[in-house]
Amino acid sequence: MPTSHDDARTTPPGAPARPRPRRRPYRRAGAWLAIALGVWAAVAGATLPNGLVLAAGLVVAALAVNRLGAEPRTRRRASR
């Protein structure tokens, strides 16, 4: 449930109704690392004839790409 200072409709008159800036930017380093590991595993699985490593690499890379494109999860979005 949003508090009074989170809701733009309840700001005092004359106060700017702008959202608060984020404290730190959303970092996607984990997703980039997972993509690199997934691609590495897929190449290793294709080079060495090992279908399990190839499939695992493709799955990890696909999940990482999905995570890279997702928006950050915020409290307001999580409560819906």
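Residue numbers run from 1 in the order of the sequence given.
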Checklist entry - Nearest heavy-atom pair of Ala41 and Val53: which atoms, and what distance? => result O-CG1, 3.4 Å

Checklist entry - Hey, any chance Val65 and Val59 share a hydrophobic cluster, counting ILVMFWY side chains that come within less than 4.5 Å of each other, even indirectly? => result no

Item to check | Nearest heavy-atom neighbours spanning Ala34 and Ala64 | outcome: CB-CB, 3.5 Å

Checklist entry - Side chains of Leu68 and Ile35: does their closest heavy-atom pair fall under 4.5 Å? => result yes

